[in-house]
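Please read the structure below before turning to the comments.
Scope of the values below: all heavy atoms of this structure, side chains included, with no hydrogens, waters or symmetry mates. Note that the numbering runs from 1 along the sequence shown for the chain. These numbers come from a predicted model, not from an experiment.
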Amino acid sequence: MTNITGISLSLTLLMGIITLLLPRRYAVIPILISACYMTLAQRIVIATADLTIMRIILLFCWIRIVIRGELSSIKFNTIDKALILYVISAIITYTFLWDTTAALISSLGFAYNAIGLYFFFRILIRDFDNINLLLKTLAIIIVPLAGLMLVEKATGENLFYIFGGVPMFSLIREGSVRCQGSFTHPILAGTFGATLIPFFIAMWFKN
């Protein structure tokens, strides 16, 4: 069912409009912000299709690409083709495995996320300067997120619960708080941070 607050909807539309207006090298920032700070529980449901905040902003991303004619800037390579084949096979196998309409809708949602996000970044990030800017931006974006997770660590209360999709009180394992933040599970929160660390170390030593 639809579950989205007025604040979340306003921020989503704002991020979408900013995506349309920003120069190419900065256009990935709004979707990064939404990925870090909006829970998956915030969504609009239309005919059983879940439009999460990420998917709504991704729609704005592709409107931008079409309007600005940015799709013509890339040439398909082997990795692009492999991703498309993987997504097609995932749709077929998942749908036949469960043999339900819900499975087909779910797999199409996965395809929308995978292909939409991959090619959006593929089109807009074209050289190492773009990658450097992306990592520097991420380093700034996650500072407030890290602060909120430190609060969660100290209090055991996840402030993102106001958006739904995450528990108010954090999981405890062997007396230690497992911080979750805006992510669907503490493991995903840890994976997100652990994945960024090598990139940040590389940026630190980059001359």
Residues two or more places apart in sequence or in another chain: which of them pass salt bridge (charged side-chain N to carboxylate O under 4.0 Å, His left out) with Glu157? none

Under the salt bridge (charged side-chain N to carboxylate O under 4.0 Å, His left out) test, which residues partner Arg25, sequence neighbours left out? none

Which pairs with one or both residues in residues 49-63 pass salt bridge (charged side-chain N to carboxylate O under 4.0 Å, His left out), sequence neighbours excluded? Arg43-Asp50

Determine the minimum heavy-atom distance between [X] and [Y], stating which atoms define it.
| X | Y | result |
| --- | --- | --- |
| Phe163 | Ala41 | O-CB, 4.2 Å |
| Ser73 | Ile123 | OG-CG2, 3.8 Å |
| Ile56 | Leu51 | CD1-O, 3.8 Å |
| Ile18 | Pro30 | CG2-CG, 3.9 Å |
| Phe120 | Ala27 | CZ-O, 3.7 Å |
| Asn158 | Gln180 | ND2-CB, 3.9 Å |

Within a strict 4.5 Å, meaning less than it, do heavy atoms of the [X] and [Y] side chains meet?
| X | Y | value |
| --- | --- | --- |
| Phe119 | Ile74 | yes |
| Phe200 | Ile142 | yes |
| Tyr112 | Leu117 | no |
| Leu171 | Pro186 | yes |
| Phe183 | Leu40 | no |

What about [X] and [Y], same hydrophobic cluster or not, with Ile/Leu/Val/Met/Phe/Trp/Tyr joined at side-chain heavy-atom distances under 4.5 Å?
| X | Y | value |
| --- | --- | --- |
| Ile141 | Leu188 | yes |
| Ile7 | Phe160 | yes |
| Ile162 | Phe169 | yes |
| Phe192 | Ile187 | no |
| Ile172 | Met149 | no |

Verdict with reasoning, Tyr118 to Val87, per side chain to side chain contact (heavy atoms under 4.5 Å, CB included): CA-CA 11 Å; Tyr118 172 81; Val87 170; over 6 Å; no

What's the separation between atom [atom1] in [X] and atom [atom2] in [Y], rounded to the nearest 0.5 Å?
| X | Y | atom1 | atom2 | value |
| --- | --- | --- | --- | --- |
| Leu108 | Asn113 | CG | CG | 11.0 Å |
| Met203 | Leu196 | CE | CG | 12.0 Å |
| Phe76 | Arg122 | CZ | CZ | 8.0 Å |
| Arg24 | Leu124 | CZ | CG | 7.0 Å |
| Ile44 | Ile4 | CD1 | CD1 | 4.5 Å |
| Asn3 | Ser8 | CG | OG | 8.5 Å |

Output every pair passing side-chain hydrogen bond (donor to acceptor under 3.5 Å, both in side chains) with a member in residues 143-153, not counting sequence neighbours, ordered by first then second residue. Glu152-Ser170, Lys153-Ser176

Residues pairing under side-chain hydrogen bond (donor to acceptor under 3.5 Å, both in side chains) where one sits in residues 88-97, two or more places apart or in two chains, turn out to be Thr95-Ser107

Using a 3.5 Å distance criterion without hydrogens, assess whether the side chain of Ser182 forms a donor-acceptor pair with backbone atoms of Cys36. yes

Do any N or O atoms from the side chain of Ser106 and from the backbone of Ala102 form a donor-acceptor pair under 3.5 angstrom? no

Ile79, CD1 atom: more than 12 neighbouring heavy atoms under 6.0 Å: no

Apply side chain to side chain contact (heavy atoms under 4.5 Å, CB included) to Leu134 and Leu32, showing your working. CA-CA 9 Å; Leu134 172 67; Leu32 293 177; 3.2 Å; yes

Could you check whether the rings of Tyr86 and Phe110 sit parallel, tilted or perpendicular, using 30° and 60° as the cut-offs? perpendicular

Please tabulate, for side-chain N and O atoms in residues 58-67, each donor-acceptor pair with protein atoms closer than 3.5 Å (sequence neighbours left out).
{"residue": "Trp62", "atom": "NE1", "partner": "Gly116", "partner atom": "O", "Å": "3.1"}
{"residue": "Arg64", "atom": "NE", "partner": "Glu70", "partner atom": "OE1", "Å": "3.2"}
{"residue": "Arg64", "atom": "NH1", "partner": "Thr19", "partner atom": "O", "Å": "3.0"}
{"residue": "Arg64", "atom": "NH1", "partner": "Leu22", "partner atom": "O", "Å": "2.6"}
{"residue": "Arg64", "atom": "NH2", "partner": "Leu22", "partner atom": "O", "Å": "3.3"}
{"residue": "Arg64", "atom": "NH2", "partner": "Glu70", "partner atom": "OE2", "Å": "3.1"}

For a side chain to side chain contact (heavy atoms under 4.5 Å, CB included) check, start with the C-alpha distance between Met15 and Ile31, then their side-chain angles and the critical distance, and finish with the verdict. CA-CA 7 Å; Met15 291 295 102; Ile31 203 162; over 6 Å; no

